[in-house]
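In each ligand, atom 1 is the first atom listed, and ligand 1 is the first ligand listed. This chain uses plain numbering: 1 for the first residue, then up along the sequence.
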Amino acid sequence: MKTTFKYLSRLSVLIFSAMFLLSSCSKENTFSNRKISFNADWSFHLNDSLTNKDTIGTSTKWRTLDLPHDWSIEGKFDEKSSAGYGGGSLNGGLGWYKKTFKIAKEDINKIISITFDGVYKNSEVWINGHYLGKRPNGYIGFQYELSPYLNYGEKTNEIIVKVDNSKQPNSRWYSGSGIFRNVWLETTDKLHVEHWGTYVTTPKVTAEKASVNIETRIQNDHLESKKLTLVTTIYKEDKKVTSGSTTYITLTPKSGTLLNVKAEVESPVLWSVEKPELYTAITEILVDDKIVDQYKTNFGIREFKFDLNKGFILNGKQVKIKGVCMHHDLGPLGSAINTRAIERQLEILKEMGVNGIRTSHNPPAPELLDLCDKMGFIVMDEAFDMWKQNKTKYDYANDWDKWHRIDLGDQLRRDRNHPSIFIWSIGNEIPEQWNETGVEIAKELAEIVRINDKTRPLTAAMNPPVNMNIDAVTLQFEKKNVQFNAIAKSGILDLIGYNYAHQTYEYHQKNFPNTPFIATETTSGLETRGYYDTVSDTIKKWPVRWDLKFTEGNPGNTVSAYDQVQAPWGSTHEATWKVIKKHDFLSGMYIWTGFDYIGEPTPYEWPSVSSYFGIVDLAGFPKDVYYMYQSEWTDKTVLHIFPHWNWKAGQTVDVWAYYNNADEVELFVNGKSVGKRSKKGDDLHVMWRIPFQAGTLKAISRKNGKTVLEKEIKTAGNPSQLKLTADRSTIKADKNDLSFVTVDILDDKETLVPNANNEINFSLTGNGKIVGVCSGDPVSHESYKGNKHTALAGKCLVIVQSGDKTGRVELTAKAKGLKPATIVITTE
Ligand code: GAL
């Protein structure tokens, strides 16, 4: 890690827009080897003893793999795992990675560094026997300079990384273990832009003009002074928009400086949720008119504020933040990041109408932020789940004193150019929030944030900012004995961040007249996809009371997927949205959670190993409430009815419909109307309570008497065949790209069998491999990494990853007694 950067001087230098210093400063000049992937061909060894003993030596058995890698997801679910139920009952341990590589002779005078985007956790790194350092935080990126210790030419180098995730528990959710994010090798001239060395802001934005300010930290590691100019050129796609530069300056040996270039963009194309327009700043250092370093920064131009009365205003327009919280795991892929897997999650959420992501409760993978920039999400970037006081025995609180300043500063410098980030969160449900210790720490963190970025508001996710007597068990709300959260009341925060307590939102302006509102975390509804307790009255079982055991709930630990089950500190999905929707000053919310995640089942109890909170399950299949949001949050015309139509004859069943763009829905059973329903007041669904009769359930939504949409659900027969559907049937042959293939279990008339739970076996030929299987079942203990899996509610997912050759992959799914299915995926 280069911590020796010194600011020699801070120069604010001129600025121009139309004139260009050199014709050579074009985007095509990008130095393609400045940053290259360093993920391929690592060796890995897991010390199975699960203790933190150093055990590599000549007899160590190594296995070859490509990064990113999460070893915990390869293990077995273990009831006795020291990671606990919170950690998903998957073990941590101590892992070793090593890689040998050569560096070309020509690079002997270059600065060569290795960048890790995140290693969970306690990584230590050696190059050719030299110790480079330790980084306890598992989520932050860091860099070490390798050049002083490298061999050049034919002699190889060896890098060794020790990853110690053996002390458990250290997380309230599944963390994963290993070098689970990307690794890069960076090569620059000795005179170069520092790591995370640019900071682009847009201090003034109007429709006619945006002023752009680009701060650049550069470092001269030469032993002689260098006379340089810095040129920054702004592009929109491949078109040069404008450019700015410094005058000539001289940088003394082994020193750094901060340079400031200003430019103006005429008629700027603004970044918004609907049109996330991006610009690129290419920064070039020139010595004797020759480019010696080139650095790329993506940014966006937008103007926003949080208003006391109007909520969130983006480019002059009020935008309700319709966000979700996300943990970093990717379901069956574990915590090993894959850009396409994150993109798919975001696509599914966007389709539901989500426009915001909270990176709960840690720095996210850089690729998530890049995608949010490109796809248009309002990100709340969060730093910590705890400060000095721990939540689990071995968590980050143990590293707090030594590392929090460095980690937070690094997160801000890493992330502050992303136009999608609108809020910094300094912590989630921090135990110290109620006392003066918390206020002191919050002050320090706020200072770190403001030193690094003054352009975004700062919040903390407090539970809650004002305690107005909501009883955790009875859920009764009484507006008395008002007790203020010390941090909320301290005046340190720019936004009052509410976790839950939706009953208090309408009092916000009275309780905090000077600080705008954001619901940092809401809801915590619970559902198993495809499972329904059929009559509302019987749903008062588990886990309406979170302290009740599963034995008092449903067999098989299922949770009814009508939106009626919640954690007591939260609400149903409908309850919180109804409040947020009502008032402009309630700028928006981040729901717990968009997707199910591994770990933290509610309540904590084996055999459940993953959460029930997601609006979308672990495999990526939406639960029914997804369509409630879609009907409210998008312009799409929606009609969604549930549950399935396979019950016992005569059984009473509640049928719900989510709909929009219509004034009524009529329901028919086998062609006979069972009534029309319309939403009244703030209703978000309609319901019929009817006896089951096998056949066809049909809903018709109408507006002014005219049919808008029709939906049918048929009673399914026995499972008879499998059907495979790929989200993309052509993928890149880059060893990374993924095709997500859905398996449906159908009867002989091609109706989905809603209670089918057949075991499905997968086989594959061609240029690819199976990298994940999942049904979304929170109690399944089958490996996500196997070649077979049991379906949940008639569905299962299999993920195919491409190899590096173009061609075709043939995936076959088989299940006992059912007609198999095959699908072809092209790799190109
Ligand atoms: C919140 C917490 C989240 C998660 C959630 C479950 O209090 O911030 O991390 O634990 O509860 O409902």
Side-chain angles (χ1 to χ4, degrees), residues 83-88 139 169-175 323-329 335 357-364 380-387 389-392 395-397 423 425-434 438 459-465 467 470 472-473 475 485 487-488 497-504 518-528 542-548 559 563 565-573 575-576 589-605 608-615 618 623 625 778:
Y85 305 131
Y139 297 108
N170 62 47
S171 175
R172 296 189 301 112
W173 56 88
Y174 174 74
S175 62
V324 294
C325 303
M326 292 287 276
H327 271 314
H328 64 295
D329 78 60
S335 299
I357 300 288
R358 174 194 187 201
T359 71
S360 38
H361 307 295
N362 46 259
M380 173 162 70
D381 194 3
E382 189 153 73
F384 304 114
D385 190 46
M386 76 294 293
W387 294 344
Q389 208 171 309
N390 59 315
K391 290 186 176 174
T392 56
D395 66 25
Y396 185 74
I423 307 170
S425 164
I426 52 173
N428 173 60
E429 300 189 350
I430 299 299
E432 296 96 320
Q433 65 191 308
W434 295 98
T459 195
M462 296 169 285
N463 59 324
N467 201 343
I470 304 155
V473 174
L475 306 182
N485 179 303
I487 297 173
Y498 287 76
N499 273 19
Y500 306 98
H502 68 286
Q503 300 91 331
T504 67
I518 182 70
T520 36
E521 185 174 322
T522 69
T523 313
S524 276
L526 298 145
E527 288 101 16
T528 306
W542 185 84
V544 154
R545 289 266 307 268
W546 72 293
D547 51 341
L548 294 183
V559 182
D563 177 20
V565 184
Q566 64 178 82
W569 51 88
S571 74
T572 60
H573 287 274
T576 298
M589 64 172 178
Y590 291 90
I591 301 165
W592 193 264
T593 48
F595 270 60
D596 280 339
Y597 51 94
I598 305 171
E600 206 184 38
T602 306
Y604 267 30
E605 200 171 289
S608 294
V609 293
S610 56
S611 88
Y612 295 73
F613 294 116
I615 297 165
L618 205 62
K623 300 176 189 175
V625 74

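Side-chain atoms of Ser524 and Tyr500 include a donor-acceptor pair closer than 3.5 Å. Asn463 and Gln433 are linked by a side-chain donor-acceptor pair at a separation below 3.5 angstrom, with hydrogens and angles left out of the test. At a cut-off of 3.5 Å, with distance as the only test, a side-chain donor of Thr520 or Asn499 sits close to an acceptor on the other residue.
Counting all heavy atoms, side chain and backbone alike, Ala83 lies closest to Pro169 at O-CB, 4.0 Å. When all heavy atoms of Pro465 and Met462 are compared, the closest pair comes out as CD-O, 3.7 Å.
Closest protein heavy atom to atom 1 (C) of ligand 1: Glu521 OE2, 2.7 Å.
Near Glu429, the atoms of ligand 1 lying under 4.0 angstrom from a non-hydrogen atom of the residue are 1 (C), 2 (C), 7 (O), 8 (O). Residue Tyr500 approaches ligand 1 through these ligand atoms, each under 4.0 Å from one of its heavy atoms: 1 (C), 5 (C), 7 (O), 11 (O), 12 (O). Near Phe613, meaning under 4.0 Å from any of its heavy atoms, are these atoms of ligand 1: 6 (C), 12 (O). Atoms of ligand 1 lying under 4.0 Å from any heavy atom of His361, numbered from 1 in the order shown and given with element: 3 (C), 8 (O), 9 (O). Close approach to Glu600 involves these atoms of ligand 1, each under 4.0 Å from a residue heavy atom: 4 (C), 6 (C), 10 (O).
Heavy atoms of Asn428 approach ligand 1 to within less than 4.0 angstrom. In this structure, Trp569 is part of the shell of residues with a heavy atom less than 4.0 angstrom from ligand 1.
Applying side chain to side chain contact (heavy atoms under 4.5 Å, CB included) to Asp563 and the options Ile615, Thr523, Leu526, Val625 leaves one that passes, Val625.
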- request: Go through the steps to decide whether Lys623 and Asp596 satisfy the test salt bridge (Lys or Arg N to Asp or Glu O under 4.0 Å), and finish with yes or no.
  value: CA-CA 10 Å; Lys623 300 176 189 175; Asp596 280 339; 3.1 Å; yes
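Using a 4.0 Å cut-off between heavy atoms, Ser524 contacts ligand 1 through its side chain alone, with no backbone atom that close.
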